[in-house]
Amino acid sequence: VERQRRYGWDFVKFQPRASCFAEAFGSEYRRSNHALRAPKMVKQAVQTLGDWEHVGRGDVANSALSDQVEAIRLVCAELGPAVPVIQTVFSPITVAGYLVGKDKRRAVRQLRENPEVVGAALTRIAVVLAEFSRASISAGAAGIFYAISGYASRDVMKQDEYERLLLPHDLGVLEGLPSEAWFNILHMCGSNLNFELAQQLPVSVVSWSVQNQGNPSLSEGRARGGKPVMGGMAQATTLHHGSVEEVTREAHEALRQTQGRGFILAPGCSVRPGARSENLIAMMKAVAA
């Protein structure tokens, strides 16, 4: 809330701790007790193939997700209806990647080898994520930021394979959103993206990092996806440690590419906590100029 008021953001993309989704399905973490360090995994929920049978069964909508619903309710109430707030929701395969521990691609390998077992677990995960999304909307969120973190890349899975093994689970979450969810963003994280997913998923806006290898520019992405686009700013370089002049140039280039239409200026992915405050201010000023 304080940062929105300081920088004058037009909307807020809520940022829960990434581990909360894995916690909801049985992984165990301990706090790092450091503001800039993520919680540390103590035990992953999926250690053997048989563990997938238990994922998503029983009481999974526990405090790991319910506290995020309460948090977004507090933020929405404080900022009011003039500032839309959207809840971050990981895709089912993104959650699955956290459940297997450090080797996140193990979830994809096991899905290919045992699609019935792992696919059934992804279906159960999607049901919980849809419930979490609806609860967040009821708490005041304007929509969700649907993040496919790494798995939308051709380096991980080709388009046709993604459509066969994963797209139904994405649709299971997004098609379950209520009509009140008017501001839904698809975020594809990574390089060499299967960008046709932008057409296939029912969202309002598409977000990605244009700086990553093999990804389309903003104007190309808008044409290919047929939807408004969000991004343009290099989150790990320009915004983090670049100069104010570099931030301004990059923002103006994004506005030039899109003529400021069907476009939201934003980082291409999460901004590091240590990003320079002057750079975040410069990004906002570039839009207002």
Note to self: How long is the straight-line distance from CD of E196 back to CZ of R224, given to the nearest 0.5 Å?
What the structure shows: 5.0 Å

Next item on the list: Determine whether M157 and Y151 make a side-chain contact, defined as any pair of heavy atoms from C-beta on separated by less than 4.5 Å.
Entry: no

Margin query: When you compare the side chain of M188 with that of V206, does any pair of heavy atoms fall below 4.5 Å?
Written below: yes

Margin query: Testing the basics here: between M233 and L239, what is the closest heavy-atom pair and its distance to 0.1 Å?
Written below: CB-CD1, 3.8 Å

Next item on the list: Without swapping roles, check the side chain of S204 against the backbone of F183 for a donor-acceptor pair under 3.5 Å.
Entry: no

Notebook entry, point to check: Are E78 and R5 close enough for a salt bridge, meaning some N to O gap below 4.0 Å?
Noted result: yes

Notebook entry, point to check: How long is the gap from CD1 on I86 to NE2 on H187, to the nearest 0.5 Å?
Noted result: 11.0 Å

Note to self: Test of understanding: clusters of I, L, V, M, F, W, Y form through side-chain heavy atoms closer than 4.5 Å, transitively. Do V244 and V287 belong to the same one?
What the structure shows: no

Note to self: When you group the ILVMFWY residues by side-chain heavy-atom contacts below 4.5 Å and let the links chain together, are L166 and V46 in the same group?
What the structure shows: yes

Next item on the list: Specify the closest pair of heavy atoms between S133 and V89, including all atoms of both residues, with the distance to one decimal.
Entry: OG-CG2, 3.5 Å

Check: Are Q213 and S191 close enough that a side-chain donor and a side-chain acceptor fall under 3.5 Å?
Finding: no

Notebook entry, point to check: side-chain contact (heavy atoms from CB on, under 4.5 Å) between F25 and V128: does it pass, once the steps are laid out?
Noted result: CA-CA 10 Å; F25 293 94; V128 175; 3.6 Å; yes

Margin query: Just verifying a value: how many Å separate L99 CG and D51 CG, rounded to the nearest 0.5 Å?
Written below: 10.0 Å

Next item on the list: For the pair S32 (side chain) and R37 (backbone), establish whether a donor and an acceptor sit closer than 3.5 Å, ignoring hydrogens and angles.
Entry: yes

Notebook entry, point to check: Hey, are the side chains of Q15 and S270 touching, using non-hydrogen atoms and a 4.5 Å cut-off?
Noted result: yes

Margin query: Do V85 and M284 land in one hydrophobic cluster if side-chain heavy atoms of ILVMFWY residues count as linked below 4.5 Å?
Written below: yes

Next item on the list: Determine, for R6 against E2, whether the closest basic-nitrogen to carboxylate-oxygen distance falls under 4.0 angstrom.
Entry: yes

Check: Can any side-chain N or O of D103 pair as donor or acceptor with the backbone N or O of V100 at less than 3.5 Å?
Finding: no

Checklist line | Residues R256, E253: salt bridge by 4.0 Å N-O rule | finding: yes

Check: Distance only, no hydrogens: is a donor on one side chain within 3.5 Å (strictly under) of an acceptor on the other, for E163 and Q200?
Finding: yes

Checklist line | Residues S91 and T94: side-chain donor-acceptor under 3.5 angstrom | finding: yes

Next item on the list: Would you confirm whether S27, through its side chain, and A45, through its main-chain N or O, come within 3.5 Å as a donor-acceptor pair?
Entry: yes

Notebook entry, point to check: Would a distance-only check, ignoring hydrogens and angles, find a side-chain to backbone donor-acceptor pair under 3.5 Å from R134 to G176?
Noted result: yes

Notebook entry, point to check: Does one hydrophobic cluster hold both V108 and V55, with members joined at side-chain heavy-atom distances below 4.5 Å?
Noted result: yes

Next item on the list: Measure the OG-CG distance between S243 and N279 for me, rounded to the nearest 0.5 Å.
Entry: 7.5 Å

Item checked: Heavy-atom closest contact (A254 atom, G232 atom, distance) -> CB-CA, 4.3 Å

Next item on the list: Check the hydrophobic clustering (I, L, V, M, F, W, Y; side-chain heavy atoms under 4.5 Å; chains of links allowed) and say if W208 and F11 are grouped together.
Entry: no

Notebook entry, point to check: Quick one: does K40's side chain get under 4.5 Å of Y29's, heavy atoms only?
Noted result: no

Note to self: Distance check, rounded to the nearest 0.5 Å: L201 atom CG versus Q199 atom CD?
What the structure shows: 10.5 Å

Checklist line | Check: E23 side chain, A64 main-chain N or O, donor-acceptor pair, under 3.5 Å | finding: no

Margin query: Assess whether a salt bridge exists between D67 and R17, defined as any Lys/Arg side-chain N lying under 4.0 Å from an Asp/Glu carboxylate O.
Written below: yes

Checklist line | Nearest-0.5 Å distance that lies between atom CE in M230 and atom OG1 in T258 | finding: 13.5 Å

Note to self: I need the minimum non-hydrogen distance between L280 and R3, along with the two atoms involved.
What the structure shows: CD1-NH2, 3.8 Å

Check: What is the minimum heavy-atom distance between S217 and Q257, and which atoms define it?
Finding: CB-OE1, 3.5 Å

Notebook entry, point to check: Just checking, any donor-acceptor pair under 3.5 angstrom between side chains of Y162 and D170?
Noted result: yes

Margin query: Applying side-chain contact (heavy atoms from CB on, under 4.5 Å) to L79 and V12, what does each step give before you reach the verdict?
Written below: CA-CA 10 Å; L79 293 178; V12 170; 3.8 Å; yes

Notebook entry, point to check: Which class fits the ring pair F90 and Y98: parallel under 30°, tilted 30 to 60°, perpendicular over 60°?
Noted result: parallel

Checklist line | Heavy-atom closest contact (L111 atom, G119 atom, distance) | finding: CD1-N, 3.8 Å

Notebook entry, point to check: Should K158 and E161 count as an ion pair when the cut-off is N to O under 4.0 Å?
Noted result: no

